[in-house]
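Report on the following structure.
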Amino acid sequence: MDSRPSWQQYFMQMAYLASKRSTCTRRAVGAVMVRDNQIISTGYNGSPKGVPHCAEVGCLREQLNVPSGQKHELCRGVHAEQNAIIQAAINGSSTRGAHLYCTHQPCSICARLIINAEIKKVYISETYPDELGEQLFREAGIELIHFNTQNNGLTRIL
């Protein structure tokens with residue numbers, strides 16, 4: 001009886017743990033960046049350092065009635081994927097060739113950053129309706145893999 005988690009299970013569980021630090025009032029997202037099965041950074045969504053969190057001042061997107069999946073720039077928060085890339089940079093860790101485990105599918109803004117950070121694979125647990133993000137991943141040759149946490153199955157999306 002082997003109860004040891006696979007690498008994908010382990011890193012996705014870590015992404016969910018990171019999401020518990022989120023201060024977003026709409027959606028808690030976590031991300032873990034990995035190279036050679038070693039964690040190089042983590043991130044979760046929330047306001048920039050030193051800026052009041054949405055949990056404290058309210059959600060700008062809700063105040064402006066912005067629908068989910070639209071006008072990503074109208075938000076106080078930094079996305080989990082963005083924070084993972086930023087933390088890798090701050091700590092001097094290259095993201096080239098890394099894999100990103102994220103609780104949710106990246107938006108098109110994050111997709112652009114992931115492409116330019118030269119991340120090669122993105123594992124997600126929950127899908128997000130962003131056709132442009134998927135198109136950008138497809139054009140850049142980034143693998144997008146759905147990790148089903150119910151049965152620990154992997155399904156390649158792109």
Side-chain angles (χ1 to χ4, degrees), residues 3-64 66-130 133 137 142 144-150 152 154 157:
S3 61
R4 186 176 185 203
S6 69
W7 286 114
Q8 289 83 14
Q9 290 171 309
Y10 174 70
F11 294 129
M12 191 58 75
Q13 288 173 6
M14 296 291 281
Y16 273 99
L17 180 60
S19 77
K20 293 184 182 303
R21 294 276 308 150
S22 171
T23 59
C24 178
T25 59
R26 290 180 111 181
R27 179 179 288 127
V29 181
V32 173
M33 186 138 11
V34 175
R35 194 176 51 252
D36 299 325
N37 287 335
Q38 295 292 312
I39 295 171
I40 58 174
S41 67
T42 64
Y44 54 88
N45 56 332
S47 296
K49 292 179 182 179
V51 175
H53 294 287
C54 299
E56 300 165 338
V57 298
C59 176
L60 177 63
R61 294 176 62 78
E62 284 182 9
Q63 293 164 7
L64 298 174
V66 177
S68 181
Q70 296 179 17
K71 300 181 180 181
H72 297 288
E73 71 279 5
L74 295 177
C75 180
R76 299 175 60 80
V78 180
H79 290 188
E81 307 92 321
Q82 296 167 357
N83 273 324
I85 292 168
I86 291 165
Q87 288 306 309
I90 287 171
N91 293 313
S93 297
S94 174
T95 58
R96 180 176 287 140
H99 296 178
L100 183 69
Y101 290 80
C102 195
T103 58
H104 294 72
Q105 184 171 327
C107 70
S108 59
I109 294 171
C110 289
R112 287 176 246 173
L113 294 171
I114 289 164
I115 292 165
N116 279 1
E118 299 185 19
I119 295 165
K120 294 302 173 199
K121 281 187 185 180
V122 178
Y123 293 88
I124 61 164
S125 180
E126 298 183 40
T127 59
Y128 183 77
D130 192 322
F137 279 154
I142 306 282
L144 182 61
I145 300 166
H146 183 251
F147 181 82
N148 186 328
T149 55
Q150 300 301 315
N152 297 319
L154 299 172
I157 297 173

- Give the intermediate values and the outcome of side-chain contact (heavy atoms from CB on, under 4.5 Å) for residues K71 and E73. CA-CA 5 Å; K71 300 181 180 181; E73 71 279 5; 3.9 Å; yes
- Task: Carefully, step by step, assess I119 and I85 under the rule side-chain contact (heavy atoms from CB on, under 4.5 Å).
- Result: CA-CA 10 Å; I119 295 165; I85 292 168; 4.2 Å; yes
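In this structure, NZ in K121 is found 11.5 Å from CD1 in I142, a value given to the nearest 0.5 Å. Here the straight-line distance linking atom CZ of F11 with atom CE of M33 works out to 12.5 Å at 0.5 Å rounding. Here Y123 contributes atom OH and M12 contributes atom CE; the two are 9.0 Å apart, rounded to the nearest 0.5 Å. Atom OG1 of T103 and atom CE of M14 lie 14.0 Å apart (nearest 0.5 Å). Once rounded to the nearest 0.5 Å, the distance linking CD1 of I145 with NE2 of H99 reads 7.5 Å. In this structure, H53 NE2 and C59 SG are separated by 14.0 Å, a value rounded to the nearest 0.5 Å.
The two residues R26 and E62 make their nearest non-hydrogen contact at CG-OE2, 3.5 Å. Summarising the geometry of E81 relative to H104, their closest heavy-atom pair is OE2-O, 4.1 Å, with the distance given to 0.1 Å. Contact record, C75 with R61: CB-CD, 3.8 Å, taken as the closest heavy-atom pair. A28 and S22 make their closest contact through CA-OG, 3.6 Å (heavy atoms, listed as atom of the first residue, atom of the second, distance).
By the 4.5 Å heavy-atom criterion applied to side chains, Q8 and Y101 are counted as neighbours. For the pair L100/T95, no side-chain contact is recorded, criterion being any heavy-atom separation below 4.5 Å from C-beta on. In this structure, the side chains of H79 and V29 stay at 4.5 Å or more apart for every pair of heavy atoms.
Looking at S6, its side chain does come within 3.5 Å of a backbone N or O of Q9 through a donor-acceptor pair. Distance alone, capped at 3.5 Å, places no donor-acceptor pair between the N45 side chain and the G77 backbone. One N or O on the side chain of S47 and one on the backbone of P52 form a donor-acceptor pair closer than 3.5 Å. R21 contributes no side-chain N or O that, together with a main-chain N or O of G30, makes up a donor-acceptor pair within less than 3.5 Å. Looking at S41, its side chain does come within 3.5 Å of a backbone N or O of A84 through a donor-acceptor pair.
Every residue two or more places apart in sequence or in another chain that forms a salt bridge (Lys or Arg N to Asp or Glu O under 4.0 Å) with E118 is listed here: R96.
In this structure, D36 places its CG atom where only 12 or fewer heavy-atom neighbours from other residues, nucleotides or ligands lie under 6.0 Å away. Surrounding CZ of R76 are more than 12 heavy atoms belonging to other residues, nucleotides or ligands, all under 6.0 Å away.
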Donor-acceptor pairs under 3.5 angstrom involving side-chain atoms of residues 105-115: please list them, not counting sequence neighbours.
residue	atom	partner	partner atom	Å
Q105	OE1	Y128	N	3.4
Q105	NE2	Y128	O	3.4
Q105	NE2	E134	OE2	2.9
S108	OG	R112	NH2	3.3
R112	NE	S108	O	3.2

